[in-house]
Undergrad: 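Structure provided below as structure tokens; questions to follow.
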Amino acid sequence: MIYKRNCLGLFAVLLSAFLGASCSDEYEAGQNGFEAPAVVQASVSAFQVDGRVSSLEGENEIENMQACLFENGLMTEVYTNLSNSSDSYSLKLKSMSGTLYMLANAADIIDLQQMKEKGTTEQDWLNTTVKAEGGNAPRFFTGMIDLKEQQGQTVLPVTLKHGTARFDLLLRAGGVISVKSLTLKNVMQASYLIPRDEVASPEGAAVQDMQVDFPEPLTQDLSGVAYVCEQANPQLKVAVTMEMGGKTYVKEADLPAVVKRNAVYTLTVRKDALSTDIQLEVAAWEDGGDVALRPDLDGSITVDKSASVLPEGITVSESGKVVSLPSKAMDFTLAFDCDDELEFVSSQSSDITVEPAPAEGTGERQNRFVFHKTLLPPGYPQESVKVYFHRKGLNESYEEDCVTLVLEANPIQLEGLVFDRQSYTCDFGRYVDNEMGRFTMPEGMELVAEFDNEDPWVKVEKTDDDTNTYRVVGGWKPNDPKADGRRQAARLVVRRIADKQATEVYTVARRNYGLPVTYLNGTWWCRYNAIGNSRNFDDQILSSDDPARLAGQTVQEYLKTCSSDEYVRLWNAAYEGNDGIALQAVYRDDKVTLDGWRSSEANHINKESATSLSPDGYEMPTLNDYNNILARFTIPTSWGGFYPLNYADSRQYRSEIILEKRSGVQLDGHDLGELWSFSVRSVAGHGDEPLTFYGVGCQWSNAGINNNWIFMACCNPNITGWLVRGGNASLEHNGAGANNTRNVRFIKSAVEYIYQ
């Protein structure tokens with residue numbers, strides 16, 4: 001059901017029927033004893049709550065009007081073309097006998113002319129039913145008048161009542177509860193068109209649940225949340241799904257066994273301010289209901305400024321009903337002018353808590369309360385919240401008994417970061433670096449970063465302009481032995497420049513992950529191939545657990561000496577397509593093949609974006625990144641020597657390539673034969689240690705892997721990448737097809753701030 005919010009209002013419809021003036025239509029009044037025209041005057045009986053009209057916008061609007069007359073138990077006249085002017089309808093009567101029934105907005109559900117032609121009796125008419133469509137009860141009005149009983153009257157009143165019952169939802173929980181949906185259970189989907197003396201439901205009427213979902217969780221009252229057929233139904237229930245404090249609650253309650261047309265039923269979600277108990281209450285208002293005891297609105301509560309304790313920055317409106325509060329945390333005391341003793345009920349915001357102020361005199365009624373307001377962090381708009389009170393001695397609490405607090409926005413302008421309103425923390429929950437956000441500070445304020453037993457992973461620096469703006473930059477530490485995924489936090493302290501006094505403190509946090517890297521020719525290269533889920537740090541070799549560094553070796557040295565199982569752990573991962581999930585080699589059908597290899601793969605790894613397969617902060621190398629360490633200008637056809645050639649303009653890229661071979665590695669109990677690895681070392685001093693390449697040989701058919709054909713993925717829309725051709729140990733550019741598997745090696749994405 002789509003929910004539409006309505007505004008309250010009353011739209012009354014007056015229907016007047018006048019006798020015609022022409023000779024042919026002259027009213028035959030001799031036998032009835034009067035000659036003056038009689039007027040049928042109809043009015044809508046609006047929905048009422050608590051003794052007051054509670055109509056919603058458009059709820060009483062009349063779209064069409066029909067009438068029918070029964071004489072001696074038979075339908076004799078049908079009136080469908082009533083002439084109308086403005087809000088009145090005219091109907092000419094032939095006699096003052098029989099029963100006249102009037103229907104509004106029922107033209108689509110009742111065909112009166114057809115019923116007349118069928119010879120419908122009044123008993124058949126009273127047994128006529130209407131059905132809900134798609135769970136929605138039809139919205140119509142009915143009224144009737146016995147003309148014989150109106151003999152001698154010139155004004156004939158007719159009351160048109162709503163043919164359905166309305167449900168309203170009221171929230172009395174101080175703003176801490178939001179309603180996600182409600183379900184009316186076991187709702188009958190049919191009712192009688194004309195009301196009976198006692199409410200009854202048509203025999204065999206269908207029953208179904210009626211669910212109302214709100215596009216956004218509801219935090220305030222909503223009238224007209226549902227309309228249902230009149231029914232006698234002891235199985236009726238209501239269930240409300242709501243959220244409080246991040247948890248979901250479902251409350252269920254019985255509905256009245258008799259639901260009457262033209263009546264309003266209120267579903268009230270109530271929470272006591274001092275407990276977590278949630279109540280769901282149901283109340284019925286029939287034809288206006290009883291007038292409940294209510295406070296005198298002329299005596300509504302207002303703030304007594306002279307008796308209140310108001311710190312600097314707080315202002316009270318002239319009416320005494322609105323208090324404006326600056327964004328900072330503060331405690332203050334409000335005293336209220338009220339003829340009754342007040343008790344605190346609830347606050348719409350968890351940022352505001354209230355407790356009675358200590359009494360200043362024995363037995364004296366104080367109506368003074370201490371308010372505690374928390375800091376409103378930057379980035380949140382100004383908002384208004386209500387704090388509700390209860391008049392001691394009354395059974396009910398009323399909407400009018402409240403004070404409105406305006407929580408002014410924080411003057412700090414914030415970009416990029418969002419701080420939680422309870423913990424004042426922005427926790428990314430993942431690895432991030434580079435600029436994370438900006439603070440634009442009020443005049444006289446500054447921002448600094450502080451750490452508790454933590455590396456200085458955040459840098460705060462002022463921009464060069466005159467806006468008093470501070471950049472918050474996340475850094476990276478190469479080969480950080482503590483980058484194991486732990487939470488890494490820093491305090492961002494807002495303080496006065498004049499005395500360095502802190503006024504606000506916020507926390508920014510991330511997960512500190514890092515991959516082992518080697519610096520070579522201007523790029524930080526990852527030391528190991530991606531394994532498992534290439535996007536997931538937890539599947540990778542982390543810098544906190546780099547096996548080669550822990551052994552005091554280069555990766556190539558480690559591969560020569562590690563166990564067979566360890567070699568397979570690092571070696572056994574190849575990628576195909578764009579899912580980022582490694583294929584692993586298995587021994588099957590007398591060959592080594594990649595489990596799950598797809599001959600039909602159409603997504604080419606090299607066409608993916610640089611960061612599509614990588615964890616946060618890393619990316620796929622480009623073809624030029626590989627060219628910078630292998631051969632920028634020439635493609636060697638055999639191993640040995642320096643690459644590229646010793647040209648003056650390429651001297652910085654000169655590299656030495658070292659090939660190593662290992663045998664005896666076992667996979668599933670079968671020898672993998674001779675396995676290659678090759679290291680690239682900068683000859684021109686643009687790197688601290690060699691960068692080692694290794695991995696599962698490329699597979700491009702069902703024949704299995706091709707040992708030592710090391711195919712390296714790269715980001716290149718033109719597909720071309722680097723291939724080590726097994727057998728003759730040559731390097732070449734090669735694009736190959738999407739179903740050719742590749743080893744994935746990442747580089748560190750550009751980072752602005754490197755910390756030690």
Side-chain angles (χ1 to χ4, degrees), residues 246 326-329 350-351 374-383 407-478 480 482-483 485-497 500-514 535 537 609-611 614-619 748-756:
S327 62
K328 64 184 180 181
S350 59
D351 296 330
T374 60
L375 167 69
L376 181 63
Y380 291 89
Q382 175 178 298
E383 61 181 282
L407 309 185
E408 296 175 356
N410 197 304
I412 297 172
Q413 300 299 310
L414 190 64
E415 299 176 46
L417 297 167
V418 177
F419 294 102
D420 179 83
R421 292 180 65 159
Q422 281 71 48
S423 66
Y424 305 110
T425 297
C426 177
D427 192 338
F428 287 95
R430 59 184 178 87
Y431 177 81
V432 295
D433 57 28
N434 290 322
E435 185 174 308
M436 297 182 289
R438 295 190 176 202
F439 284 70
T440 299
M441 312 293 288
E443 185 177 355
M445 307 300 289
E446 65 180 359
L447 185 71
V448 296
E450 295 181 353
F451 308 89
D452 287 329
N453 301 316
E454 178 59 82
D455 295 331
W457 68 277
V458 169
K459 177 177 68 172
V460 173
E461 63 179 18
K462 191 175 181 181
T463 58
D464 295 332
D465 54 26
D466 296 326
T467 60
N468 202 27
T469 297
Y470 293 79
R471 300 173 65 237
V472 180
V473 180
W476 172 68
K477 182 177 181 178
D480 183 358
K482 294 182 286 187
R486 68 189 177 91
R487 185 176 185 269
Q488 197 173 34
R491 289 194 308 277
L492 302 178
V493 180
V494 178
R495 67 187 189 186
R496 293 192 292 263
I497 296 175
K500 306 302 181 185
Q501 180 65 45
T503 59
E504 301 173 33
V505 179
Y506 303 98
T507 299
V508 61
R510 71 178 182 185
R511 298 285 297 279
N512 184 25
Y513 279 109
R535 302 180 180 95
F537 275 114
S609 67
T611 58
S614 62
D616 295 323
Y618 297 82
E619 61 189 59
K748 180 68 183 75
S749 299
V751 63
E752 176 181 345
Y753 169 49
I754 294 179
Y755 64 95
Q756 299 301 320

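All values below were derived from every heavy atom in this structure, side-chain atoms included, with hydrogens, water molecules and symmetry-related copies excluded.
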Undergrad: Rounded to the nearest 0.5 Å, what separates atom CD in Gln488 from atom CG in Asn512?
TA: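 Separation between the atoms: 3.5 Å.
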Undergrad: Write down the atom of Phe439, the atom of Pro378, and the distance for their closest heavy-atom approach.
TA: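 Between these two residues, the closest heavy atoms are CE2-CG, 4.5 Å.
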Undergrad: Going through the distances and angles, do Tyr513 and Tyr618 end up as a side-chain contact (heavy atoms from CB on, under 4.5 Å)?
TA: CA-CA 11 Å; Tyr513 279 109; Tyr618 297 82; over 6 Å; no
Undergrad: Would Tyr424 and Thr507 count as a side-chain contact (heavy atoms from CB on, under 4.5 Å) if you check the C-alpha gap in whole Å, the side-chain angles of each, and the deciding distance to 0.1 Å?
TA: CA-CA 6 Å; Tyr424 305 110; Thr507 299; over 6 Å; no
Undergrad: Under the salt bridge (charged side-chain N to carboxylate O under 4.0 Å, His left out) test, which residues partner Glu446, sequence neighbours left out?
TA: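 For Glu446, the residues satisfying salt bridge (charged side-chain N to carboxylate O under 4.0 Å, His left out) (neighbours in sequence not counted) are Arg495, Lys500.
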Undergrad: Just by distance, no angles: are the side chains of Glu504 and Asn410 close enough, under 3.5 Å, to form a donor-acceptor pair?
TA: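 Side-chain D/A pair, Glu504 to Asn410: present.
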Undergrad: Please answer whether the main-chain N or O of Glu752 pairs with a side-chain N or O of Asn434 as donor and acceptor at a distance below 3.5 Å.
TA: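 Between the backbone of Glu752 and the side chain of Asn434 there is a qualifying donor-acceptor contact (under 3.5 Å).
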Undergrad: Looking at Asn468 and Pro442, what are the two nearest heavy atoms and their distance?
TA: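 Here Asn468 and Pro442 meet closest at ND2-O, 3.2 Å.
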Undergrad: How close do Met441 and Val494 get, counting heavy atoms only, and between which atoms?
TA: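 Looking at all heavy atoms of both residues, the shortest contact is CE-CG1, 3.3 Å.
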Undergrad: Tell me if a side-chain donor or acceptor on Arg510 pairs with a main-chain N or O of Arg430 at a distance below 3.5 Å.
TA: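 No; judged by distance alone, with no hydrogens or angles, the pair does not exist.
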Undergrad: What is the distance from atom CG of Leu375 to atom OG of Ser327, rounded to the nearest 0.5 Å?
TA: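 With rounding to 0.5 Å, CG (Leu375) is 6.0 Å from OG (Ser327).
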Undergrad: For Arg486 and Lys482, which heavy atoms make the closest approach, and how far apart are they?
TA: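 Between these two residues, the closest heavy atoms are NE-O, 3.0 Å.
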Undergrad: Please check if the distance between the ring centroids of Phe419 and Tyr506 is under 6.0 Å.
TA: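 That pair passes the under 6.0 Å test.
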Undergrad: Donor-acceptor check, side chain of Asp420 to backbone of Gln422, threshold 3.5 angstrom: yes or no?
TA: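 Confirmed, Asp420 side chain pairs with Gln422 backbone.
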Undergrad: Locate the shortest heavy-atom distance separating Leu376 from Pro381; write the atom from each residue and the value.
TA: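 Nearest heavy atoms, Leu376 then Pro381: CD2-O, 4.4 Å.
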Undergrad: Can Glu454 and Lys477 be counted as an ion pair, charged N to O under 4.0 angstrom?
TA: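 Salt bridge absent between Glu454 and Lys477.
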Undergrad: side-chain contact (heavy atoms from CB on, under 4.5 Å) between Val508 and Thr425: does it pass, once the steps are laid out?
TA: CA-CA 6 Å; Val508 61; Thr425 297; over 6 Å; no
Undergrad: Assess the residue pair Glu415 and Arg438 against the criterion (salt bridge (charged side-chain N to carboxylate O under 4.0 Å, His left out)); give the C-alpha distance rounded to whole Å, side-chain angles, the decisive distance to 0.1 Å, and a yes or no.
TA: CA-CA 5 Å; Glu415 299 176 46; Arg438 295 190 176 202; 5.4 Å; no
Undergrad: Going through the checks in order, is the side-chain contact (heavy atoms from CB on, under 4.5 Å) test met by Leu447 and Val493?
TA: CA-CA 6 Å; Leu447 185 71; Val493 180; 5.8 Å; no
Undergrad: Is the closest basic N to carboxylate O distance between Arg511 and Asp616 below 4.0 Å?
TA: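 Answer for the salt bridge query: no.
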Undergrad: Flag the pair Val458 / Phe451 as yes when at least one side-chain heavy-atom distance between them is below 4.5 Å, and no otherwise.
TA: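 The answer is yes; the side chains approach within 4.5 Å.
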Undergrad: Should Met445 and Thr503 count as side-chain neighbours, where that means a heavy-atom distance under 4.5 Å?
TA: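 Yes, at least one pair of side-chain atoms sits under 4.5 Å.
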Undergrad: Any side-chain heavy atom of Leu417 within less than 4.5 Å of one from Met436?
TA: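 Yes; the side chains approach each other to less than 4.5 Å.
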Undergrad: Test Glu619 against Ser749 for side-chain hydrogen bond (donor to acceptor under 3.5 Å, both in side chains), laying out the working first.
TA: CA-CA 6 Å; Glu619 61 189 59; Ser749 299; 2.8 Å; yes
Undergrad: side-chain hydrogen bond (donor to acceptor under 3.5 Å, both in side chains) for Gln501 and Arg496? Distances and angles first, verdict last.
TA: CA-CA 5 Å; Gln501 180 65 45; Arg496 293 192 292 263; 4.8 Å; no
Undergrad: If every non-hydrogen atom of Ile754 is compared with every non-hydrogen atom of Val751, which pair is closest and at what distance?
TA: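 Scanning both residues completely, I find the closest heavy atoms to be CG1-CG1, 3.9 Å.
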Undergrad: How long is the gap from OH on Tyr753 to CD on Glu461, to the nearest 0.5 Å?
TA: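 These two atoms lie 10.0 Å from each other.
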Undergrad: With sequence neighbours left out, write down each residue that passes side-chain hydrogen bond (donor to acceptor under 3.5 Å, both in side chains) with Asp433, or none if nothing qualifies.
TA: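 In terms of side-chain hydrogen bond (donor to acceptor under 3.5 Å, both in side chains), with neighbours along the sequence ignored, Asp433 is linked to Tyr431, Lys748.
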Undergrad: Sub-3.5 Å donor-acceptor pair from the side chain of Thr467 to the main-chain atoms of Asp465, do we have one?
TA: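 Such a contact is absent between Thr467 side chain and Asp465 backbone.
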Undergrad: Can a donor-acceptor pair be found, under 3.5 Å and without considering hydrogens, that links the side chain of Thr469 to the backbone of Thr463?
TA: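 Checked: no pair found.
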Undergrad: Within the 4.5 Å heavy-atom criterion, are Tyr755 and Asp480 side-chain neighbours or not?
TA: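 Touching, per the 4.5 Å side-chain cut-off.
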